[in-house]
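In what follows, chains are A, B, ... by sequence order, proteins preceding strands, each numbered from 1.
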Protein chains: 2
Amino acid sequence: MSPLTNKRVTRQRQLVYDCVIDRKDHPSANEVFVDLQSSGIGLATVYRQLSAMVDEGILKSFEHSGQIRYDRLVTPHAHFVCSVCDEIWDVDLPKNIFSMAPVESNADIEELDLTWKGICKACK
Amino acid sequence: MSPLTNKRVTRQRQLVYDCVIDRKDHPSANEVFVDLQSSGIGLATVYRQLSAMVDEGILKSFEHSGQIRYDRLVTPHAHFVCSVCDEIWDVDLPKNIFSMAPVESNADIEELDLTWKGICKACK
DNA sequence: AACATAATGATTATCATTATCATTAAGAAA
DNA sequence: TTTCTTAATGATAATGATAATCATTATGTT
């Protein structure tokens, strides 16, 4: 568990965090809940802990087909989504992407969301 | 109304389309519904027509804080979102962005979603 | 004018997420 | 170790966005 937090280390918090880290993919709250079902954790706790961890900066989140997905990778990166199997991969951002911010916005860019869409190797 | 469709031109379809075109922003289905309330249109019809128009390619859509937003601009472009006022602007994609597709994906890119986030001029 | 059927509107259902609140348990203090 | 404060939990209800259902209406064709 990350030290960057002054929250109580409950059994449930540890379970949720470990689940996202171990899965290595981009689970929804419900997928984490299903994984931890046998532990007796409550659904509300899964939702609470996941969004708390995003606030604390130890997890990231993004929207995908109407639901929030969680990501253990918190450094800036992009995603590739297969339009056939709907799987998601972490991919690198283009080099110097932040220098390509639109002048129209006339603003300091804090972050960006970049998702590439296509058909993955397996589906092709 | 775009000619690219063989759908029946109902009064409701015309109203929904004109609303999105006239607004010039990125309304949700409910915002379109509220605009058209006085016409007596049904909420389900607004949802149906908007998603139909996206399927037909005469409108685009994207997810924004848990809801689907509709965009009259169907050519490839990015968005800038202000983290303070939550307003959304259409902005140009970086030049040659499609040539920067990640090699990891090993796939043909069909499209991409790019959203810049920061504080807009007005909020700064 | 008649017809076939796509579209509509009212409503219900679904799904993801958040709020509520009584109970439990971390972790600090005694 | 026991006590104590209060954050966290779990069960459940509430919310909000969107999709599905179905009887009725109206478009566009014959």
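- Of all nucleotides listed (C:dT8, D:dG28, C:dA10), D:dG28 comes nearest to the side chain of B:Val9.
- Between A:Tyr47 and the phosphate of C:dT17, there is a side-chain N or O to OP1/OP2 separation shorter than 4.0 Å.
- For the pair B:Leu15 CG and D:dT27 P, the computed distance is 12 Å after rounding to whole Å.
- Taking atom CZ on A:Arg11 and atom P on C:dG27, their separation rounds to 14 Å, with Å as the unit.
- Contact annotation: side chain of B:Arg8 to base of C:dA6, donor-acceptor pair present below 3.5 Å.
- Rounded to whole angstrom, the span from the CD atom of B:Gln37 across to the P atom of C:dG9 amounts to 12 Å.
- Each of B:Lys7 and A:Gln12 lies near DNA chain D, and the nucleotide nearest A:Gln12 is the one positioned closer to the 5' end.
- Residue A:Val46 is the one, among A:Val46 and B:Asn30, whose nearest nucleotide of DNA chain D lies closer to the 5' end (criterion: closest heavy atom).
- Atoms CD1 (A:Ile41) and P (D:dA11) sit 11 Å apart, rounded to a whole Å.
- Considering B:Val46, B:Asp35, B:Val34 as possible partners of B:Cys19, the one that fulfils the side-chain contact (heavy atoms from CB on, under 4.5 Å) test is B:Asp35.
- Between the CD atom of A:Gln67 and the C1' atom of C:dT18 there is a distance of 16 Å, given to the nearest Å.
- Atom CG of B:Leu50 and atom P of C:dT8 are 11 Å apart (whole Å).
- When the side chains of ILVMFWY residues are joined at heavy-atom separations under 4.5 Å, either directly or via intervening members, A:Ile88 and B:Leu112 end up in two distinct hydrophobic clusters.
- Distances were taken from every side-chain heavy atom of B:Ala44 (C-beta onward) to each of C:dT11, C:dT8, D:dT9; the shortest belongs to C:dT11.
- Looking at the side chain of B:Arg48, the nearest of the listed nucleotides C:dT8, D:dA11, D:dT18 is C:dT8.
- Under the ring-ring contact (aromatic ring centres under 6.0 Å, His included) rule, B:His26 has a single partner from B:Tyr70, B:Trp89, B:Phe62, which is B:Phe62.
- Rounded to whole Å, atom C1' of D:dT18 lies 18 Å from atom NE2 of B:His64.
- The hydrophobic cluster containing B:Val81 does not contain A:Ile97, counting ILVMFWY residues as joined when their side-chain heavy atoms lie under 4.5 angstrom apart, directly or transitively.
- For B:Thr10 and C:dT8, the shortest distance from a side-chain N or O to OP1 or OP2 is below 4.0 Å.
- Going from atom CD of A:Gln14 over to atom C1' of C:dA26 covers 14 Å, rounded to whole Å.
- When B:Val20, B:Asp22, B:Leu15, B:Val16 are each tested for a side-chain contact (heavy atoms from CB on, under 4.5 Å) with B:Asp18, only one passes: B:Asp22.
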